[in-house]
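For this chain, numbers begin at 1 and follow the sequence in order.
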Amino acid sequence: MSKKDETPPMQEQVQQIPISELHPFEGHPFRVVDDEAMTRTVESISQFGVISPLLARPDPDGGYEIISGHRRCHAAEQVGLETLPVIVREMDDDEAIIAMVDANLQRETILPSERAWAYKMKMDAIKHQGARADLTSCQVGTKLRSDERVAEGTPDSARTVQRYIRLTNLIPELMDMVDEKKIAFNPAVELSYLTRDEQSHLLEAMDYAQATPSLSQAQRLKKLSQLKQCSPEAMEVLMDEVKKEELAPTVTLPTELLRKYFPKSYTPKQMEDTIIRLLDQWQKSRQRNQSR
């Protein structure tokens, strides 16, 4: 075939679509909230309009389903725009999910719950694509594992992707605590192995103890669950433990930092004794000043 006979690929056209015909992606895990970032987006659109077009696909039931651009659409509604620039692309459900997740994972700030559900949705879509390919091909070549494909283009490893997906097993109340940084990521992963009833009882145990699980406690709770011994009473006892760091708080000062204040001949013991003596003098001085 000569170059004259080659047909150039079709260029996707940007269309002006009424906002009333655009609706959110079903199951979209990324929150659209009126925060400081949204305020900046509203101000930008008010001044310059929507520069980057949205991506959407036709909805069989009418209108268009947004693949990427939910925040821009929300901001444009607040500004009062009636239409938006949109690239309309035909995509099946799996393609749409993968495109939606990839576009939104580029955001600067993503909550753990958003990342967890996004990774899970993309993992399920990739597995579904693989299952369909296996049905139509008798020979499947070497391919990346699903978690490795999900991790591509993200700052996370395949192992970390798996750990984020574990968080989707948390009940909403615990997931919210992870988003609010009340429970750290690593303990949260361990807690995801508890049954939903056990997680509900854990909320009560945390309220009783006025504490959240450390990594060690979360690992022990997971072990109790595996042994079928994770009763509400056992959780209360475990959560009521006083953490070691609360019992014996320590302050560590690097030797290199202290050296400039002491003669080179001083041993660590001499440095320690001098620091304690000076602190005693400082405390007595403070007490005298307070008594005046």
Side-chain angles (χ1 to χ4, degrees), residues 22-33 35 37-38 52-61 63-74 86-136 140 143-180 183 185-186 188-196 199:
L22 296 167
H23 54 266
F25 192 93
E26 185 176 354
H28 187 264
F30 299 95
R31 303 178 190 179
V32 177
V33 295
D35 54 10
M38 179 61 72
S52 179
L54 284 67
L55 177 64
R57 65 171 179 167
D59 190 325
D61 296 326
Y64 301 87
E65 185 176 42
I66 301 172
I67 304 299
S68 68
H70 293 80
R71 291 174 57 81
R72 277 166 283 163
C73 184
H74 180 71
V86 180
I87 293 174
V88 178
R89 183 181 302 167
E90 292 285 351
M91 286 182 276
D92 62 29
D93 290 345
D94 295 329
E95 292 170 336
I97 287 173
I98 292 171
M100 179 273 295
V101 170
D102 287 347
N104 284 279
L105 283 177
Q106 305 307 313
R107 284 165 41 183
E108 291 183 10
T109 304
I110 302 175
L111 294 171
S113 63
E114 294 175 325
R115 192 176 293 276
W117 284 108
Y119 282 164
K120 178 172 172 52
M121 290 179 71
K122 185 174 179 179
M123 174 87 80
D124 291 344
I126 288 173
K127 286 182 176 179
H128 188 234
Q129 283 183 329
R132 286 185 300 165
D134 291 346
L135 289 174
T136 58
V140 180
K143 53 187 177 183
L144 293 174
R145 293 196 330 238
S146 298
D147 54 3
E148 292 173 333
R149 290 185 58 191
V150 172
E152 286 183 322
T154 77
D156 297 318
S157 65
R159 175 59 179 155
T160 302
V161 165
Q162 292 176 349
R163 289 167 64 76
Y164 266 108
I165 292 175
R166 281 292 329 167
L167 296 185
T168 62
N169 293 290
L170 293 174
I171 60 176
E173 294 87 346
L174 289 179
M175 184 72 95
D176 287 343
M177 295 182 77
V178 178
D179 283 343
E180 295 163 3
I183 298 179
F185 176 73
N186 287 329
V189 173
E190 301 298 320
L191 297 178
S192 71
Y193 289 90
L194 273 60
T195 67
R196 297 185 72 82
Q199 291 180 42

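Between the side chain of Asp124 and the backbone N or O of Met121 there is no donor-acceptor pair closer than 3.5 Å. When atom types are taken as modelled, the side chain of Gln106 and the backbone of Asp102 share a donor-acceptor pair closer than 3.5 angstrom.
Contact between Pro53 and Arg72 at its shortest, heavy atoms only, is O-NH1, 3.0 Å. Across all their heavy atoms, Ser113 and Asp179 have their closest contact at OG-OD2, 2.6 Å. Contact detail for Ile110 and Asn104: the closest heavy-atom pair is CD1-O, 3.8 Å.
In this structure, His23 and Cys73 have side chains that are not in contact, with every pair of non-hydrogen atoms separated by 4.5 Å or more. Two residues are said to be in side-chain contact when any heavy atoms from C-beta on lie closer than 4.5 Å; Gln162 and Ile165 fail this criterion. No side-chain heavy atom of Ile66 sits less than 4.5 Å from a side-chain heavy atom of Pro24. No side-chain heavy atom of Gln199 sits less than 4.5 Å from a side-chain heavy atom of Leu191. Residues Val189 and Leu167 form a side-chain contact, since some pair of their non-hydrogen atoms from C-beta on lies under 4.5 Å apart. Two residues are said to be in side-chain contact when any heavy atoms from C-beta on lie closer than 4.5 Å; Arg57 and Glu90 fail this criterion.
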Candidate pair Asp147 and Arg163, rule salt bridge (Lys or Arg N to Asp or Glu O under 4.0 Å), full reasoning: CA-CA 10 Å; Asp147 54 3; Arg163 289 167 64 76; over 6 Å; no
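Screening Gln129, Met123, Lys122 for a side chain to side chain contact (heavy atoms under 4.5 Å, CB included) involving Arg149 leaves a single residue, Gln129.
Under the 30°/60° scheme for interplanar angles, the aromatic rings of His28 and His70 are found to be tilted.
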